[in-house]
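Structure first, then comments.
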There are 2 protein chains.
Amino acid sequence: MEVYVNPRVNDQVYLKNPMEFDLGKKIISNTVHMMHDIGFEQFTFKKLGKEIGSTEASIYRYFPNKQRLLVYLSAWYWEFLHYLIKLKTKEIEDPKKKLKVAIKTLVYAPSESNNNCFLEMQKLQDIVIEQFYKIIRTKRVTIQNESGYFESFKRLCSTLAGIFKEIDPNFNYPMTMATAVIEMSINNHFCSSNLPTLTEIKCGKDQKQQIEQMMTYFCERLFKKCDC
Amino acid sequence: MEVYVNPRVNDQVYLKNPMEFDLGKKIISNTVHMMHDIGFEQFTFKKLGKEIGSTEASIYRYFPNKQRLLVYLSAWYWEFLHYLIKLKTKEIEDPKKKLKVAIKTLVYAPSESNNNCFLEMQKLQDIVIEQFYKIIRTKRVTIQNESGYFESFKRLCSTLAGIFKEIDPNFNYPMTMATAVIEMSINNHFCSSNLPTLTEIKCGKDQKQQIEQMMTYFCERLFKKCDC
DNA sequence: TTGACTATGATAGTAATACTATCTTATATT
DNA sequence: AATATAAGATAGTATTACTATCATAGTCAA
């Protein structure tokens, strides 16, 4: 399946749509590289301006601050995953198979998408893993939520929750489970590389397979019917 | 059970042990109030100095920056929970009962501990819920981990993982499960108040009971034996 | 071709932040 | 009495996170 994915981001997230201008595109693609290299805290509009041969002032015309730029990138990331999961599960009837495909997509899609997407998804994933909680767990989250900053993430969670509900209509906490599954995938990526005592996943080349297996293991145990 | 809990924090976290000095105590207890009110970003040593009738320079003698002060507070928080869970499960034989007590402690202890602890645990919990990922998901986490900044958190996870392993010795991912359970309790506290679409927990006076019930539901489904 | 509009660049300036350094004073200890 | 330590007072610096203004180049419409 070869598709070029170009996620649309809610227009309340930016001041001027970066995807409609050359400078805008430069801003977002170079932000992915730079934030990946130096981290969110060290990243500034001044440094980015220098890197892309532009100025601080010009970047401020697209995003009011670096937090919002990060919100934009996260929205892109979740929208990308959501789009792919929707696409890949569309034709599947069996919800258990849907779930397997969704898990596979969550785990493998970013590293396999360097040619079918404007941004480098693997780097973007690393950024989102490290930084997403910085933008979601804040005092301002309620206001931001009302502004639709997290729509893409919420839609992805709803889609997953829908699959859980299909598998077991009596399951009480599909939304909680959806956020937990996403969190689990993110957290184990991070911990296996950085805090190995906190996970059973070992860092290495089959890391993603281990994570897929683990997520499947949890889902199967949670949804197994006592039909022996 | 009435105990005064006074967690000890790894001495690599601070420059000078705040608990040994009046000013130090003032610093940590007032940080809890101030950070709770204005959030981590807005919080500065200058503002705190003014609040407690001291100066920026004096606070820098205890902590090299506000991140480390947050590390200190988080360590205290996790150490506090870990201590209580150890204490309350010590005499219990049945691991399933142990788990129930551990979950109860995670959910209820902070709000019930305003008289048996130097810090205001409910406020501290709100801070940890909002900010813990800021200190754990960073580029520097590996170095910090080696410095023992997260020992308390890791010990708590190990204790929980031990209980899971007792319940089901064949369970493959006790550590992952432990971090997921803690995360679940934190995340649902946060979401029910701030991002209600992402959880089934409703904000209100029985919020904690709902969370306890939900965590129990997940654990029971994961560990139910097919013994019908 | 003129005029208007827009995207960007260039430059300057400001308030706040995150420190660092030094000097003084008060108090406790030996 | 001498010493050590805690902490207050003050000053200073580099960087950050903006805001404001003005100039310029290209595009499109009358």
Side-chain angles (χ1 to χ4, degrees), chain A residues 11 13-31 34-35 37-73 127 131 134-135 138-140 143-144 147 149, chain B residues 11 13-31 34-35 37-73 127 131 134-135 138-140 143-144 147 149:
Chain A
D11 63 11
V13 177
Y14 47 75
L15 300 175
K16 186 154 80 169
N17 189 349
M19 285 308 279
E20 287 175 10
F21 302 92
D22 284 349
L23 181 64
K25 286 184 194 166
K26 259 183 163 175
I27 288 172
I28 57 171
S29 65
N30 282 277
T31 296
M34 198 173 231
M35 255 191 210
D37 288 349
I38 64 176
F40 179 72
E41 265 67 36
Q42 296 304 310
F43 173 89
T44 65
F45 281 3
K46 196 164 201 165
K47 287 179 191 166
L48 178 65
K50 205 176 171 187
E51 178 80 15
I52 62 177
S54 178
T55 61
E56 228 182 331
S58 299
I59 301 167
Y60 273 106
R61 291 186 180 112
Y62 286 88
F63 297 97
N65 51 55
K66 64 174 176 175
Q67 285 79 7
R68 282 277 279 283
L69 176 46
L70 181 59
V71 168
Y72 180 91
L73 290 176
I127 294 171
Q131 312 296 345
K134 264 178 216 162
I135 54 175
T138 72
K139 289 236 167 296
R140 284 110 39 214
I143 309 148
Q144 296 178 342
S147 311
Y149 290 6
Chain B
D11 62 11
V13 177
Y14 46 76
L15 301 174
K16 188 155 81 169
N17 189 348
M19 283 310 277
E20 287 174 11
F21 302 92
D22 285 348
L23 181 63
K25 286 185 194 165
K26 257 182 164 176
I27 289 171
I28 56 171
S29 65
N30 282 278
T31 297
M34 198 173 230
M35 255 190 210
D37 288 349
I38 64 176
F40 180 72
E41 266 66 37
Q42 297 303 309
F43 172 88
T44 66
F45 281 3
K46 196 163 201 167
K47 287 180 191 166
L48 178 65
K50 204 174 172 189
E51 179 80 16
I52 62 177
S54 178
T55 61
E56 229 181 334
S58 299
I59 301 168
Y60 273 105
R61 291 187 180 112
Y62 287 89
F63 297 97
N65 50 56
K66 65 174 175 174
Q67 286 78 7
R68 282 278 279 285
L69 176 47
L70 181 58
V71 169
Y72 181 92
L73 290 176
I127 294 170
Q131 312 295 346
K134 262 178 217 165
I135 56 174
T138 72
K139 289 236 169 293
R140 285 111 36 216
I143 310 149
Q144 295 178 342
S147 311
Y149 290 6

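Naming: A, B, ... by sequence-line order, numbering from 1 per chain.
Protein atom CG of A:N17 is 17 Å distant from nucleotide atom P of C:dT6, rounded to whole Å. Taking atom CZ on B:F45 and atom P on C:dC19, their separation rounds to 8 Å, with Å as the unit. Regarding B:E41, its CD atom lies at a distance of 13 Å from the C1' atom of C:dT17, rounded to whole Å. Atom OH in B:Y60 sits roughly 5 Å away from atom C1' in C:dC19 (whole-Å rounding). Nucleotide D:dA6 holds its C1' atom 18 Å from the CE atom of B:M19, rounded to whole Å. Straight-line distance from the NZ atom of A:K46 to the P atom of C:dA10: 14 Å, rounded to whole Å. The NZ-P distance, from B:K26 to D:dA6, rounds to 17 Å in whole Å. A:I59 has its CD1 atom 12 Å from the C1' atom of C:dG9, to the nearest Å.
Applying a 4.0 Å cut-off to non-hydrogen atoms, the residues of residues 63-73 of chain B that approach DNA chain C are B:P64, B:N65, B:K66, listed by residue number.
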List every contact pair, protein side and nucleotides 7-10 of chain D side both N or O, where the distance is under 3.5 Å.
residue: D:dA7; atom: OP1; partner: B:Y62; partner atom: OH; Å: 3.4
residue: D:dA7; atom: OP2; partner: B:K16; partner atom: NZ; Å: 3.4
residue: D:dA7; atom: OP2; partner: B:Y62; partner atom: OH; Å: 2.5
residue: D:dA7; atom: N7; partner: B:R61; partner atom: NH1; Å: 3.4
residue: D:dG8; atom: OP2; partner: B:S54; partner atom: OG; Å: 2.4
residue: D:dG8; atom: OP2; partner: B:S58; partner atom: OG; Å: 2.9
residue: D:dG8; atom: N7; partner: B:R61; partner atom: NH1; Å: 3.4
residue: D:dG8; atom: O6; partner: B:R61; partner atom: NH2; Å: 2.7

What nitrogen or oxygen pairs link the protein and nucleotides 25-30 of chain C at under 3.5 Å?
none

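In this structure the side chain of A:L23 reaches within 4.5 angstrom of the side chain of A:Y62, judged on heavy atoms. By the 4.5 Å heavy-atom criterion applied to side chains, B:F45 and B:L69 are counted as neighbours. Residues B:I135 and B:Q131 fail the side-chain proximity criterion, which asks for heavy atoms closer than 4.5 Å.
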Got a list of side-chain donor-acceptor pairs under 3.5 Å for residues 14-22 of chain A, not counting sequence neighbours?
residue: A:Y14; atom: OH; partner: A:N17; partner atom: ND2; Å: 3.4
residue: A:N17; atom: OD1; partner: A:M19; partner atom: N; Å: 3.0

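In this structure, A:T138 contributes its side chain and A:R140 its backbone to a donor-acceptor pair below 3.5 Å.
Among residues at least two apart or in separate chains, there is no salt bridge (Lys or Arg N to Asp or Glu O under 4.0 Å) pair with a member in residues 44-73 of chain B.
Across all non-hydrogen atoms, the minimal contact from B:I59 to B:G49 is CD1-N, 3.5 Å. Taking each heavy atom of A:I27 and A:T31 in turn, the nearest pair found is O-OG1, 2.6 Å. Considering every non-hydrogen atom in both A:I52 and A:K26, the closest pair reads O-NZ, 3.5 Å.
A:T44 pairs by the side chain to side chain donor-acceptor pair (under 3.5 Å) definition with nothing, not counting sequence neighbours.
Salt-bridge check for A:K134 with B:E41: failed, with every basic side-chain N at 4.0 Å or more from each acidic carboxylate O.
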